[in-house]
Amino acid sequence: MTVLVINCGSSSLKYAVFDDKEKLLVSGKHERLVMDGEEGKSHVDALQQVVEHCREFKLSCVGHRVVHGGATFTQPQLIDNDVLQAIEAYIPAAPMHNPYSLAAIRELQTHWPSVPHIAVFDTSFHARMPRRATTYAIDQDVARKYGIRRYGFHGISHQYAAGIAAEFLQRPLDELRLITMHLGNGASAAAVEFGCSTETSMGNTPLEGLVMGSRSGDVDAGVLLNLLRSGEYSAESLDQLLNKQSGLAGLSGISNDLREIETAATAGNDRARLAINVFAHRARKYIGAYAAAMGGVDAIAFTGGIGENSASMRARILQRLEFLGVMIDEDRNHDAQIKSDDEYAVISTPRSRVDVVVVKTNEELMIARESTRIAGAQDRGDVIASAAKPPIPIAVSARHCHLTEATFKQLFGNDATPTPVKDLSQPGQYACAEKITLLGPKNRIEGVRLLGPLRSVDQIEISRSDEFRLGVDAPVRNSGQVKDSAPITIEGPAGKLHLSEGLICARRHIHMHPDDAAVYGVNDRDEVSVKVSGGERDLIFGDVLIRVKDSYKLEMHIDTDEGNAAEIGRDSSGTVNAQDVDELDEDVYRVARENAELEK
Ligand code: ADP
């Protein structure tokens with residue numbers, strides 16, 4: 001059985017076929033592809049030739065490289081309609097890549113309709129970076145509205161390079177703090193901490209970070225504002241400037257090809273020398289930054305056309321890193337020749353505290369491996385994350401109370417009425433300015449927010465930590481089920497009252513409109529478990545109650561203890577875990593999260 005790998009870009013298409021021993025059977029590359037209707041070879045022509053070339057093979061699966069899977073996909077995916085839609089949804093974020101991948105998937109699905117097609121994403125390896133690394137320091141409402149966060153790219157290469165670097169160094173990946181430097185036409189660095197990417201230099205788009213062949217990498221955003229204000233630049237021409245006329249090409253004025261620049265530099269060309277220096281300086285800065293971010297570095301891996309081949313660039317990047325414990329053996333660096341996958345070169349000295357290794361990247365092989373793994377899991381009927389359902393926001397509820405009119409008047413005075421200050425996500429619900437104090441046998445908790453409107457029963461919702469603080473024992477209950485719950489004394493500015501029941505620890509639940517329930521295939525009062533991942537600590541919440549009502553808006557509610565345990569953030573994500581609910585079948589859903597702002 002064999003696997004076909006397709007790597008389709010805006011003007012090129014690479015393909016490869018591997019057998020089940022990972023032996024490369026055929027490979028090829030079509031370049032300078034043109035848009036439909038233009039003179040020359042189009043993507044469709046190229047795909048036809050791939051089909052011709054590969055027709056003889058009995059394929060077990062087809063693996064497609066997809067550049068942008070956003071934060072949705074932490075794993076390669078068996079391609080179904082939902083996955084296709086998600087890839088389509090990321091077209092605006094990756095206009096040079098996702099449309100071509102999508103077209104290739106659709107075309108090849110018609111030729112191999114009965115074999116699984118798998119999408120392997122460049123973003124997946126970075127999809128679980130901590131929030132501090134994915135967040136830009138801009139207005140978070142704007143960031144959410146426009147999806148402005150860091151994704152990272154080249155993940156297939158970084159993951160592969162990290163894996164084989166560890167293998168060659170004979171050190172366990174999950175004990176290593178590695179920096180992987182993918183230096184090719186596109187270039188990026190990644191901090192791979194114990195096997196996971198925790199930082200990477202490309203961000204919301206593949207433009208951020210290192211100097212590249214013709215891309216600028218980091219530029220002060222103020223420069224772009226000034227160019228726009230000058231009236232001489234539009235979004236289009238800025239795009240052209242930063243993506244096509246910058247980087248090594250823009251700096252040198254010669255080429256985006258480092259070989260030509262190195263030749264010119266040797267001949268004394270000043271711009272060529274500057275290009276090399278800027279490239280190396282930026283790369284060195286990132287190594288230092290990532291060592292600091294990880295609290296140290298055990299190994300550095302170089303890969304990509306420049307990383308694999310340019311000894312002088314490697315030497316420049318690595319100079320003056322002795323303070324980090326990096327000691328380079330100049331002869332080994334100079335002699336390093338990496339021509340095949342099973343070759344590598346350690347270019348650090350035996351006494352270097354940091355191992356430095358040069359490895360050959362092989363994205364196609366990585367895609368083949370991952371595709372085979374996912375297709376195999378599918379065959380065995382394992383649950384595969386099919387993460388393309390609409391996101392379920394998670395709201396973290398701080399301690400709060402719902403009061404009856406009588407209780408409210410007793411605490412706040414006969415003439416008082418609740419003062420709404422902020423609408424909550426569930427229609428008709430709002431946070432009020434009024435706050436009460438809980439008086440427990442051990443301690444008091446002040447500032448417990450009233451939520452409106454007033455209700456027919458008093459209900460105070462606290463977390464397990466609050467229970468310990470108060471010295472009370474509150475049962476876990478669904479909202480509204482306060483009969484025989486815990487007693488508590490409550491106090492407001494106008495009075496104090498002992499409730500014989502009403503104190504609960506709210507049971508975690510998901511509000512759904514019936515339309516949402518249909519999409520997720522669940523019914524009112526079903527129980528599911530929810531896997532929360534995307535932050536630094538994955539967690540599965542069991543016993544999550546589904547509540548379906550016409551007036552509900554899709555949202556999962558948990559308390560602060562639960563939110564903290566899962567390190568819930570605004571844009572971290574989770575999945576509804578399928579096994580618990582028959583109707584959910586094999587699907588595993590994605591959950592995006594959101595903090596309720598009650599505690600503010
Ligand atoms: P892509 O990102 O398009 O896959 P590559 O990983 O092939 O690009 O890297 C292309 C870059 O590698 C070019 O800048 C090229 O000049 C550089 N490169 C390839 N071989 C050498 C070499 N022997 N010396 C210096 N640079 C090299």
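We count ligands from 1, going down the list as the structure has it; atoms in each ligand are counted the same way.
Protein residues with a heavy atom under 4.0 Å from ligand 1 are Gly184, Asn185, Gly186, Asn256, Asp257, Leu258, Arg259, Glu262, Gly304, Gly305, Ile306, Asn309, Ser310.
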### Message
Under the criterion salt bridge (Lys or Arg N to Asp or Glu O under 4.0 Å), I'd like the reasoning laid out for Glu22 against Arg369: C-alpha separation, chi angles, the key distance, then a yes or no.
### Response
CA-CA 8 Å; Glu22 298 192 344; Arg369 266 183 204 168; 2.7 Å; yes
### Query
Between Arg259 and Glu262, is a salt bridge (Lys or Arg N to Asp or Glu O under 4.0 Å) present by the stated rule, with each step listed?
CA-CA 5 Å; Arg259 282 166 291 199; Glu262 285 181 342; over 6 Å; no
Show me, pair by pair, the donor-acceptor contacts under 3.5 angstrom made by side chains of residues 240-250, not counting sequence neighbours?
{"from": "Asn243", "atom 1": "ND2", "to": "Asp239", "atom 2": "O", "distance (Å)": "3.4"}
{"from": "Asn243", "atom 1": "ND2", "to": "Asp239", "atom 2": "OD1", "distance (Å)": "2.8"}
{"from": "Ser246", "atom 1": "OG", "to": "Leu241", "atom 2": "O", "distance (Å)": "2.5"}

For residues 159-168, which side-chain donor-acceptor pairs fall under 3.5 Å, sequence neighbours excluded?
none

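Shown here are the side-chain contact (heavy atoms from CB on, under 4.5 Å) partners of Ala103, two or more places apart in sequence or in another chain: there are none.
For His64 and His117, the gap between ring centers is short of 6.0 Å.
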